[in-house]
Amino acid sequence: MSTTTEQDLKDRTLLGTPGAGGRGVGRPVIINTEKKIVKPEKVNEDRIDDEVELIEKALDELVKEFEGLKKINNEEDVADVMESQVQLLRDPELKKSILGKIQDQKFKAVYAIFSSFNEYIQLLENTEANWLKDRTIDVVSIRDQLIDTVRNKQPDYIHADNGVIFAEELSPTEMIKLSRFNLAGIVTEKGGLTSHVVILAHSLGIPCVIGVDWKRMRPEDFEFVMIDGDVGSVLFEPTDRLKEEVELYKQEKLRKEGIALQWASEPDETECGCSFTIRGNVEFISELPRIKTHGARGIGLLRTETILFESGGFDVQTQIDFYRQVAEASGEDPVIIRLFDAGGDKLPENHEVEHNPFLGWRGIRMLLDKPDLLRQQYEAILRVSAEYRGKIKILVPMISHMQQIEKAKDILEDVKDELRDSGVEFDSDIPFGIMIEVPGIAMMAKEAAEEVDFFSIGTNDLTQYMLAVDRGNGKISSLYQPSHPSIWRMIQFVVNASKEAGIPISVCGEMASNPLYAACFLGMGISDLSMTTNSIPAVKEMLCTHSLAEFKEKSTQVLNARTFSDVNLIFSEWQKKLELHHT
Ligand code: PEP
Ligand code: MG
């Protein structure tokens with residue numbers, strides 16, 4: 001009888017980047033791996049009408065399919081993606097181009113689609129903008145689906161149930177179609193951590209690993225695959241024991257999620273009776289219901305660039321509708337609206353490529369250069385504030401210079417004057433706060449605190465700027481360490497400045513989602529935390545079941561540590577102690 005050695009398992013394991021957490025086992029399902037190539041083929045004059053009819057029918061069929069998917073899926077971001085596909089299929093310019101290639105240039109329908117879509121794809125690719133690149137993936141997928149529809153070909157994913165999907169990359173549409181099946185996991189070769197495939201996998205609860213060079217393993221030669229989205233591994237042909245472990249893990253995960261959710265309705269108090277506040281970070285409308293179910297006290301960070309990305313438009317009325325919907329969902333609790341933090345590369349009309357967009361034209365830098373955009377956003381927020389007095393706050397991203405605070409405030413006052421003159425109501429005391437995410441302004445916290453109503457610490461950017469590590473660069477990802485002692489000390493410095501000035505402070509970066517980090521923030525004097533809604537129950541459980549004295553003791557240790565390994569050791573030992581206590 002043969003036994004499986006550690007080495008065998010290692011040889012059958014591929015590593016990638018963790019995209020969405022969780023573990024799963026399933027059969028490998030390979031989709032979408034070949035690039036479609038369609039050769040130019042001419043059509044006889046007497047067949048032109050037939051080819052045109054094929055196009056009309058295929059367009060109708062796909063529009064119907066997308067609209068159907070939109071109806072059966074309640075997730076708002078899913079509906080938005082579907083809507084943008086329908087809009088593309090109904091785009092009169094695109095259709096004109098396809099029909100022109102058939103009627104004038106006498107090409108067959110499939111080539112006319114291929115060529116017209118490719119011209120559009122080329123335009124998108126030339127911009128080098130991240131969000132437009134995500135869109136490119138989707139346009140390629142619609143192109144291929146349209147070609148398959150004309151050719152009457154069945155899609156690969158009809159066998160996806162209980163499978164682990166292997167793809168070069170997946171478009172949002174493909175993700176949504178796949179979400180109808182019970183997927184064990186997703187493995188892709190390409191795709192960034194901010195890509196739709198990762199965002200949707202996360203919100204659909206499907207384990208996902210990206211950046212995996214999977215083709216060399218020939219997944220089709222294996223019966224089962226095990227995926228671990230937390231560590232980013234893919235194991236071909238797991239042993240029976242490993243498969244059983246995954247089953248137990250899934251049951252345990254469900255059990256823990258159920259218990260943690262019970263904390264949502266508990267009072268926001270530590271074991272010793274000190275109060276804290278947990279709010280939600282919101283990016284998509286679909287996340288709004290979780291504000292209530294997961295026990296968030298309102299929204300501590302509304303990332304408004306989503307409106308720009310999802311709808312492609314950000315006129316005042318679109319924004320008002322969006323903010324109103326958000327304000328309604330958070331009931332009596334506050335909503336902190338962060339101004340657009342879209343970099344220059346994300347603006348549709350900007351085709352200039354920045355060499356280092358993270359050090360580039362984003363957040364307040366871009367808004368001050370585009371005062372009309374800033375004014376529109378202020379106007380929309382102010383108009384909505386009239387209906388929700390005392391609830392809406394303004395948060396400015398990427399402040400690095402004191403003058404930017406001054407300018408952003410001046411423009412706000414200007415917009416207020418204009419609205420006043422036109423008799424428009426608004427909350428004239430609307431609080432004005434800034435993100436502390438650039439070290440340059442963090443060091444000026446005392447002075448900045450004199451000028452604003454509150455601080456919100458953005459640890460995602462603060463970490464990358466403090467340590468000079470691009471948060472999207474895989475080569476140096478081991479240096480992206482939020483546990484680096486300098487980050488904790490910088491945060492403490494900012495907390496002290498805010499206390500001295502008497503202004504509220506919160507943390508809204510990913511660090512707050514970690515229950516142990518969150519506990520340390522409480523120990524350091526930050527009792528207001530905002531995080532991804534899914535993380536709230538576990539953080540709340542941690543904060544409710546321990547005392548502030550314990551949090552203070554740990555934060556003191558962390559603040560005195562020398563290296564990030566020392567900090568990690570403090571946290572891992574603490575975690576072990578908590579687990580021991582639990583069993
Ligand atoms: C941050 O930088 O920590 C933050 C919350 O903002 P974003 O992740 O949107 O840059
Ligand atoms: Mg940020």
Side-chain angles (χ1 to χ4, degrees), residues 130-131 134 192-196 198-199 202 278-284 287 296 298-310 326 335-346 354 356-367 377 393-401 404 408 433-442 445 448 454-473 477 480-484 486-488 490-491 494-495 505-514 517-518 521 526 528-536 539:
N130 280 349
W131 76 280
D134 274 354
L193 282 175
T194 54
S195 65
H196 266 101
V198 171
I199 294 170
H202 203 76
I278 299 187
R279 306 186 205 279
N281 290 353
V282 168
E283 209 152 346
F284 298 105
E287 292 169 306
I299 296 165
L301 172 66
L302 180 72
R303 288 186 166 103
T304 57
E305 47 286 359
T306 318
I307 325 173
L308 181 68
F309 298 160
E310 296 296 308
V326 170
V335 178
I336 301 182
I337 303 181
R338 186 178 71 181
L339 302 184
F340 293 129
D341 188 10
D345 61 332
K346 291 167 189 156
E354 291 188 313
N356 199 336
F358 277 123
L359 298 182
W361 198 56
R362 58 177 288 208
I364 192 63
R365 305 163 178 198
M366 181 267 276
L367 289 170
Q377 189 164 27
K393 304 180 191 189
I394 295 173
L395 177 61
V396 189
M398 286 300 292
I399 290 280
S400 56
H401 291 61
Q404 292 167 333
I434 58 168
M435 293 280 295
I436 300 287
E437 52 187 345
V438 179
I441 202 68
F454 65 95
F455 283 161
S456 188
I457 302 182
T459 55
N460 307 340
D461 280 320
L462 190 61
T463 305
Q464 75 164 341
Y465 297 132
M466 285 282 290
L467 304 178
V469 180
D470 176 340
R471 74 197 219 199
N473 186 339
S477 59
Y480 185 91
Q481 290 289 348
S483 50
H484 194 290
S486 65
I487 312 289
W488 294 93
M490 180 60 104
I491 293 173
V494 178
V495 172
I505 184 161
S506 62
V507 173
C508 66
E510 278 305 303
M511 279 177 86
S513 304
N514 177 319
Y517 289 4
F521 288 142
I526 310 174
D528 193 331
L529 304 169
S530 191
M531 62 200 67
T532 31
T533 44
N534 278 335
S535 313
I536 294 175
V539 170

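All ligand and atom numbering here is 1-based and tracks the order in the structure.
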**Report entry** Which N, O or S atom of Glu437 lies nearest to the Mg ion (ligand 2), by name
**Finding:**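 Result for Glu437 and the Mg ion (ligand 2): OE1.
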Query raised in the report: If hydrogens are left out, which of Glu437, Arg303, Glu510 has an atom nearest to atom 5 (C) of ligand 1, that is, the closest non-hydrogen atom?
Result: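 It is Arg303 whose heavy atom sits nearest to atom 5 (C) of ligand 1.
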Query raised in the report: For the Mg ion (ligand 2), does an N/O/S atom of Asp461 lie at less than 2.8 Å?
Result: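 It does; at least one qualifying atom falls short of 2.8 Å.
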One residue to check: [X]. Relative to ligand 1, which of side chain, backbone, both or neither has a non-hydrogen atom less than 4.0 Å away?
X	result
Met531	neither
Ile457	neither
Arg362	side chain
Met435	side chain

With a cut-off of 4.0 Å, which atoms of ligand 1 are near a heavy atom of [X]?
X	value
Asp461	1 (C), 2 (O), 3 (O), 10 (O)
Cys508	5 (C)
Gly509	3 (O), 5 (C)
Leu301	5 (C)

Report task. Could you tell me whether the side chain of Ser400 and the main chain of Ile441 form a donor-acceptor pair under 3.5 Å? Result ->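 Not a single qualifying donor-acceptor pair exists.
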**Report entry** Heavy-atom donor-acceptor pair, Thr463 side chain to Pro482 backbone, under 3.5 Å
**Finding:**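 Checking the backbone N and O of Pro482 against the side chain of Thr463, no donor-acceptor pair under 3.5 Å is found.
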Query - Thr459 N/O under 3.5 Å from ligand 1 N/O - result: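 By distance alone, the answer is yes.
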Query - With sequence neighbours excluded, residues passing salt bridge (charged side-chain N to carboxylate O under 4.0 Å, His left out) with Arg279 - result: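 Per chain and number, Arg279 pairs via salt bridge (charged side-chain N to carboxylate O under 4.0 Å, His left out) with Asp528.
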[X] vs [Y] side-chain heavy atoms within contact, under 4.5 Å:
X	Y	value
Glu437	Gln464	no
Leu302	Leu395	no
Arg362	Phe340	no
Ser456	Ile434	no

**Report entry** Under 3.5 Å side-chain donor-acceptor pair for Glu510 and Thr459
**Finding:**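 Glu510 vs Thr459: no donor-acceptor pair found between side chains.
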